[in-house]
There are 2 protein chains.
Amino acid sequence: MSLSDLFGGDPFVPAQQARTEPIQQRSTARLSGLLDAAAVVVDEVGFDRITTAMVAERAGASIGTVYRYYPDRVAVLQALRERAVLRFRSRVAEQLKTNAPQGWWEAVDVAITAFVDLYRSEPGFRIMHFDDRQGVPVVVDPDTGYFARRVAGMLVEEFGLEGGDELIFRLEVAVEMGDSILSRAFRSDPQGDERFIEECRVVTHDYLAGYYGPSVR
Amino acid sequence: MSLSDLFGGDPFVPAQQARTEPIQQRSTARLSGLLDAAAVVVDEVGFDRITTAMVAERAGASIGTVYRYYPDRVAVLQALRERAVLRFRSRVAEQLKTNAPQGWWEAVDVAITAFVDLYRSEPGFRIMHFDDRQGVPVVVDPDTGYFARRVAGMLVEEFGLEGGDELIFRLEVAVEMGDSILSRAFRSDPQGDERFIEECRVVTHDYLAGYYGPSVR
DNA sequence: GCTCACCGAGCGGAACTCGATCATGGAAAT
DNA sequence: ATTTCCATGATCGAGTTCCGCTCGGTGAGC
């Protein structure tokens, strides 16, 4: 579901994550080490070819350790994706804090830029497009709630956009579009095809501007 | 790569398809039977959980038979996707022939409708979104060529749109967007959320109209 | 009757388990 | 305050199970 987790309609689920929560210090290090390893391996061999043994070896751990924290192979990938999502979110939040955007578009643009940057720099970031194939029963996280709702709230508060379900819907669509175009940009170019990236900005802007702001183009 | 095969930048590859071409009649039936079975199983358990044994059993065949025709598990999925793509194409071609569209938009609209219809009626049609995870070396099919090119040619010929790389690029982006929004429509609704489907039409139309035609809305 | 089609036991490897072993850090003893 | 101690967290890796895939033998088509 990729970016949808961030702004989209599906709730963000912290997931069953690990089998056992880490207690001692070294184990939290292990956990992130495992994900680091998984990220690198994903870049090397892809989602399908990745094996738990590879992850374990790359992390300097044994197979058993992997399974101590994750119930199965897919769970590792889900956790990796979750971490990527989290990192993206905090990157955006951070950017929004430092360069306070002057309008809703600058805020959206910041998100696009953050996504592109992470895609380029973060190993295994393309895990963002790891689609949850099996219909994992989705449970709403009452704390986080729909991220789209939060973003909508932010836009309403900060920039005086009209809120409501309509705005949330538009955001969902915009995210879906932006995600797909960016995805296309990186499909055959590790650095991301600038043409598509630019088009992503244009399309996203025009789509949202068409309803909620002046068409600047 | 989903719809991109149809209009997108990546060439359509007939693939190595089957190991052995069917000679006798019963074997062609077997082949399609295997794909039918795979389609159903995909709907039931998803891409990841599907096993060759499931496909064989569902098709009333033995494991060996599966491997007689397909080199591995992924090849079965690829073949299934290929068949879906083919069916989509012929459905569109057929529709274009019967209700001759009056303008470029009607032609595009036909494609969207065909996609939605197949998504609803054809088991396993969501295989269209089976992303080729491992970087399978893509070989250009000289006969088929880029489908985007062909569509572009069609639009140029039939409706007098200006061609060139620009048009192909626009089409790629449009397909990417449309695909993602339709995908969203069916994510949690087997019948497809009408709101997203309608928005797909609007967005696709506006995007293409913004460059190549009057904005009718 | 020659080839095509099919079968399914069997092989290899990857996913995953589990009991043995080591490390940690807080509490008790000094 | 320091040391000892030990309950429990953490790790390991051989072993089990399951699944992808092979291959030699049997049956069906033309």
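Both backbone and side-chain heavy atoms feed into the values below; hydrogens, waters and symmetry mates do not. Here is the naming used below: chain letters follow the sequence lines, and residue numbers restart at 1 for every chain.
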Short side-chain N/O contact from [X] to OP1 or OP2 of [N], under 4.0 Å:
X       : N      : result
A:Tyr67 : C:dT17 : no
B:Arg30 : D:dG29 : no
B:Ser27 : C:dA5  : yes

Problem - Any A:Val76 side-chain heavy atom under 4.5 Å of A:Leu34 side chain - result: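 No - every pair of side-chain heavy atoms lies 4.5 Å or more apart.
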Exercise for the section: Specify whether B:Phe125 and B:Phe115 have parallel, tilted or perpendicular ring planes, treating 30° as the upper limit for parallel and 60° as the lower limit for perpendicular. Expected result: perpendicular
Closest nucleotide among [options] to the [X] side chain:
X       : options                : answer
B:Thr52 : D:dG20, D:dT11, C:dA15 : D:dG20
A:Ser62 : D:dA10, D:dC12, C:dC16 : D:dC12
A:Ile63 : D:dG20, C:dC7, C:dT17  : C:dT17

Figure out the [atom1]/[atom2] separation between [X] and [N], and round it to whole Å.
X       : N      : atom1 : atom2 : value
A:Tyr70 : C:dA14 : OH    : P     : 22 Å
B:Arg49 : C:dA15 : CZ    : C1'   : 11 Å
A:Met54 : C:dC16 : CE    : P     : 14 Å
A:Arg73 : C:dA15 : CZ    : P     : 6 Å
B:Tyr69 : D:dT22 : OH    : P     : 16 Å
A:Gln24 : C:dG25 : CD    : P     : 6 Å

Just call it for [X]: base, sugar-phosphate, or nothing, with non-hydrogen atoms closer than 4.0 Å on any strand.
X       : value
A:Ile23 : sugar-phosphate
B:Leu31 : nothing
A:Arg26 : base

Problem - A:Tyr69 six-ring face occupied by A:Arg30 cation (under 6.0 Å, within 45°) - result: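 No, a cation-pi geometry is absent between A:Arg30 and A:Tyr69.
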Practice task
Using the salt bridge (Lys or Arg N to Asp or Glu O under 4.0 Å) rule, pick out the option among A:Glu82, A:Glu122, A:Glu94 that qualifies with A:Arg87.
Solution key: A:Glu122
Handout entry: Single hit among B:Arg126, B:Arg49, B:Arg58 for salt bridge (Lys or Arg N to Asp or Glu O under 4.0 Å) with B:Glu44
Key =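 Looking at B:Arg126, B:Arg49, B:Arg58, the match for B:Glu44 under the salt bridge (Lys or Arg N to Asp or Glu O under 4.0 Å) is B:Arg58.
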Handout entry: Toward the 5' end of DNA chain D, by each residue's nearest nucleotide, A:Arg68 or B:Asp72
Key =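 The 5'-side residue here is A:Arg68.
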